[in-house]
Amino acid sequence: MKRLTVKKDVECMACLSCVVACSEAFYKEFHQDKSCIRIVENNGTVKPMVCIQCGKCARECPQGAITQNANGVYMINKKLCIGCGRCKEVCPMGVCLKPDDSETASKCIACGICAKACPMDVLEIVES
Amino acid sequence: MNYDRLISIEQMEQATEILLENGRRVGADSWQQRVKNQSPHCSFGESGTCCRICSMGPCRITPKSPRGICGCDVHGIVGRNYVRFTAGGAAAHSDHGRQIMHTLYQTKEGGAYQVKDPDKLKKLADEWGVESEGKDIYDLAHEMAYKGLLEYGKPFGEQLFVQRAPEHTRELWEKANIVPRAIDREISTSMHMTHMGNSSLAEALIRQSLRTGLCDGWGGSMMGTEFSDVMFGTPKPKDTTANIGVMEKDMVNIVVHGHDPSVSEMVVFYANDPEMIALAKSYGAKGINVVGVCCTGNEVAMRLGIPMAGNFLCQENVVLTGACEAVVVDVQCIFPALGPLSKCFHTKFITTSPIAMMPDSDFIEFHEETAAANGKAIVKMAVENFKNRDWDLVNIPNLKTEARVGYSVEAIKKCLDGVTNSHVDDLGTLKPLRDVVKAGVIRGAVAMVGCNNPKVRPDTAHIELMKKLIANDVIVIVSGCSAQAAAKAGLMSLEAKELCGEGLKRVCELVGIPPILHMGSCVDISRMMVLASDLAKDWGVNISQVPVVGCAPEWMSEKAVSIGNYVIATGIDTFLGVDPYTKGSTEVTELLQGEHGVKDWVEANFTVETNIEKLGDMMLQRIEEKRAALCI
C-alpha cells in the first residue's frame, strides 16, 4: 500500500512549504484550505496531518465515487462525485477537501509533491 | 486580604470576551482570531534561520542545507537577522527622539509648545557644555535642539549622554569597542554590515547589536525622554485611573495611542478647551474624555493624569466598546487592524504622521509648526462624531482601578529626600534606596518593561511576576505596556503595599510610594539607565554588581530587542519570556546568554525562559547571587 507518512524523528518547522505545494499543484493557487496536508499545533508541538489512506471517506461516499486503486490509494472519481462533502466531514485527519468554489471534493493521492517540497524531509511516500 | 481594588486576569479576560461579542455583532475581526489564522508559526523564522537579505534565496538552514547560497552558515544568518531586528528598534526609538528635538526647535513663548521645565533644560545644557547663563530660555532650547539633532549624524565622536554612565561602564564600552557614535551611523552600519557579502561572524554582529542598542538607549531614547520632560514637564507622582472602564458612556471618548507626546499633548489641551467642551455639550455629551493606550497613554498619564484604558493588546478593545469617537494615533505599535475595525463602528481612526500611514484612516498630518490648529481639528472631528454613535453597540465593561504614576528619576529622588535626615545626609541622591537594599529590607529591584505578545497569555506574565517579586521584597520599576498591565491590575495603587513582603511594605509606607513604580513609556527605559548609573555611583560599585535585573516577559517589538541590547550593555542582566529569534544558532545563543560572550564584554547577559514561574525564580536567584557577591 502506498501512502504519505510523517517521519518520527524529524522536526516539522511549520514553514507550510508542503501546504503551498499541494494547494498550488491541484488548485493552481495557494490557499490553506485547499491543501490535502495540514500543519497543526497542539500544546506547542507542531505536527503535519496527512492522509493515512484509511478509506473512511470511501465508505461514507453515497455515490461510491471513492475507490482504492492498485497501489491501495483511495482516489475520487470526479465524474461520480456530487460534491456533497460527506468525505470531508468524516475525514479523521481533516485533510479531505471540498472547497466552496469547487464542485467536487479532493483528497491526497500520495503523489509526493509535498514530500519533495519539504526542506526538512519530514514527509515521505512509503509503499508496503 | 482586605484589599478589593485588584482586578484579576480572569476579570479582564471576561471583559474582553464581552467586547469581542460586541465585535462579532458587527462582523469585526480581532487579533485573537488572527493569531489562530497565523498559527503555527514558521520555525525557520522563529529560530532566525531564514535569510531573505538577497534575492538568491530565501535560504533556510536545514540539516541537508547547512549553508545559504552565499555560503553563510547558520550563526551568520541568525546574527545578521538579530542586528537588523535591533536596528529596526533603534531606528524607531531614535526617530521618536528626533521628532521631539524638532518639536523643541519649534518651542516659543506663548506657542503651542513651550519650555515647561527650564531648570532641566539648563541642567542638560550644562551637561552638554552649552552656556546657558544670561541666555533667553527659548534661544537655549533652540540651540540645544540643534545640538541634539547633530547627535544623529555627527561625523566624529561619541554620544554626548555617554558621559552620564559610570567610569567603569564607559571603560567596558571602550574595551569592547561599542561606544555609540552618531545614532544614524550605528543604524546605517548595522544595515551595511548585514547587506549581502559583509559580516557573517556572529561575534562581530552581536557587538554591533550592542552598539546600536546603546545609540538608542544612551542616545535617541534618552533625548526623547529628557527633552519631552523639558517641553511637557518632568513627571511627578500623579493619581490616575486605569483599565477599560475609564471610557465614559456619556462623554466624547478620544483615545490617544502611539508614542510621541507632541500629538497627544495637543489633543489633551484642546479637549480641555471651553469652546470644544461647549461643542460636545451641544451634541448631547457631558464633556470630552481623553484616555490613553500604549506608550502615548503612559506619556500623558504621567504628566497630565490622563486615564490609561489599556496596553498594546487592548487597542482593539477601546473601539469594541462602541463608545470611542476617535482613536488618534501617532507612531509605533498601532495595529493596521484599527482601520477596518473602526469601520465596523462609528469610530474615526485618525492617523497623524507620515511615518504611520494606514488604509481606512482619516489622515490629519501633524506639523510642529501648526500643532495647535491640527490638535483642534482632531478634537473637533471626534466631538462631531458623537452624534453618529450607535447606542445599541455601546458596552463599556465596568472595570476601573486607581494608580499612582509618574516616577521619573527626579521624582524618585524627591520621594527619597522625604526620608533623608537633611542635617546629616545630602539631598537629591539615591543613598536611602542604596541603604535599604544594603540592609536587606528591600532585596533588590527589577526593571520590568516591554509589550504584550499573544505567545504569552496577555498581561499574565507581567502581573504574576510583579506579584511574586513584591511579595519577595523586590521593588519593581516599570515602563511601557508592562506599566499599564500593573496599573490595570491595581498594582500601582498605594494599597498594593498589602501584597508586599514586610520589608518592601514598610518602605512603601515610609516613603509613600506604591511597590510598582511607573517610570513612563518605552523610550523612558533610558530613565532606568540613569537610575541604575546614579545608584551605582552613589553606592560606589559597578552597575553589574547592584542587585538589579531587567525583565521583558511579554516583549514583541524590534524596539524591545534594541532595549534589551542597551540594558545588558549597561551591565544589567535581562530576563526574557519570549525567544528573540536566535535559538537556531548555538553560537549566537552562547554569545547572548552564555558565560563567555557579551557577559565577558559588559558583565551582563540575557536569560530566556518561557516558563514564567521559573523566570521569576531565576530573577530572585540572580538578585540573591548579586547580594551574596557584595556580602550583603
Side-chain angles (χ1 to χ4, degrees), chain A residues 4-24 27 29-51 88 92-95 97 99-101 108 112-126, chain B residues 29 31-52 56-69 72-74 77-78 81 453-457 460-461 553-554 577-579 581-586 589 608-615:
Chain A
L4 176 66
T5 59
V6 181
K7 286 186 203 164
K8 286 210 166 56
D9 51 349
V10 192
E11 186 191 1
C12 167
M13 304 292 273
C15 68
L16 306 187
S17 293
C18 55
V19 176
V20 174
C22 181
S23 166
E24 284 183 346
Y27 285 92
E29 62 163 324
F30 169 48
H31 193 293
Q32 260 156 299
D33 295 341
K34 291 183 176 174
S35 162
C36 298
I37 178 168
R38 288 193 305 141
I39 307 299
V40 298
E41 188 173 14
N42 263 335
N43 300 323
T45 310
V46 172
K47 204 180 149 197
M49 300 294 274
V50 301
C51 174
K88 178 184 171 176
M93 315 307 273
V95 291
L97 314 177
D100 289 343
D101 58 356
C108 173
I113 286 176
C114 56
K116 281 202 192 90
C118 176
M120 299 297 286
D121 284 339
V122 175
L123 305 165
E124 64 180 339
I125 299 290
V126 292
Chain B
D29 191 14
W31 65 258
Q32 288 85 347
Q33 183 54 46
R34 294 191 298 274
V35 167
K36 283 183 194 149
N37 297 348
Q38 283 294 339
S39 298
H41 304 288
C42 174
S43 297
F44 290 108
E46 240 180 3
S47 54
T49 56
C50 172
C51 182
R52 301 189 309 112
M56 295 193 291
C59 292
R60 296 175 296 192
I61 299 304
T62 70
K64 73 171 178 189
S65 56
R67 286 177 185 269
I69 292 169
C72 189
D73 66 8
V74 72
I77 289 177
V78 171
N81 286 336
N453 186 326
K455 286 180 182 170
V456 180
R457 187 179 168 193
T460 312
E554 301 184 24
V578 177
D579 189 85
Y581 293 171
T582 55
K583 64 182 173 211
S585 159
T586 48
T589 303
V608 181
E609 175 57 63
T610 52
N611 180 319
I612 295 306
E613 187 66 27
K614 270 195 209 158
L615 191 70

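So you know, we letter chains A, B, ... as the sequences are listed, proteins then strands, and number each from 1.
- The two residues B:P40 and A:V46 come nearest to each other via the heavy atoms CB-CG2, 4.0 Å.
- Using non-hydrogen atoms only and a strict 4.5 Å limit, the part of residues 7-17 of chain A facing chain B consists of A:C12, A:M13, A:A14, A:C15, A:S17.
- Residue B:S47 touches chain A through its side chain alone, counting heavy-atom pairs closer than 4.5 Å.
- Ranked by heavy-atom pairs under 4.5 Å with chain A, the list B:G45, B:S39, B:S65, B:C42 is led by B:C42.
- Crowding of A:D101 atom CG: a count of heavy atoms from other residues, nucleotides or ligands under 6.0 Å exceeding 12.
- Residues passing the ring-ring contact (aromatic ring centres under 6.0 Å, His included) test with A:Y27, sequence neighbours excluded: none.
- Other residues, nucleotides and ligands contribute at most 12 non-hydrogen atoms within 6.0 Å of the CZ atom of B:R52.
- For A:Q32 against B:N37, the heavy-atom pair with the smallest separation is NE2-O, 4.3 Å.
- The environment of NZ in B:K64 is crowded: more than 12 heavy-atom neighbours from other residues, nucleotides or ligands sit within 6.0 Å.
- Taking every heavy atom of both residues into account, A:P119 and B:R60 meet most closely at CG-NH2, 3.6 Å.
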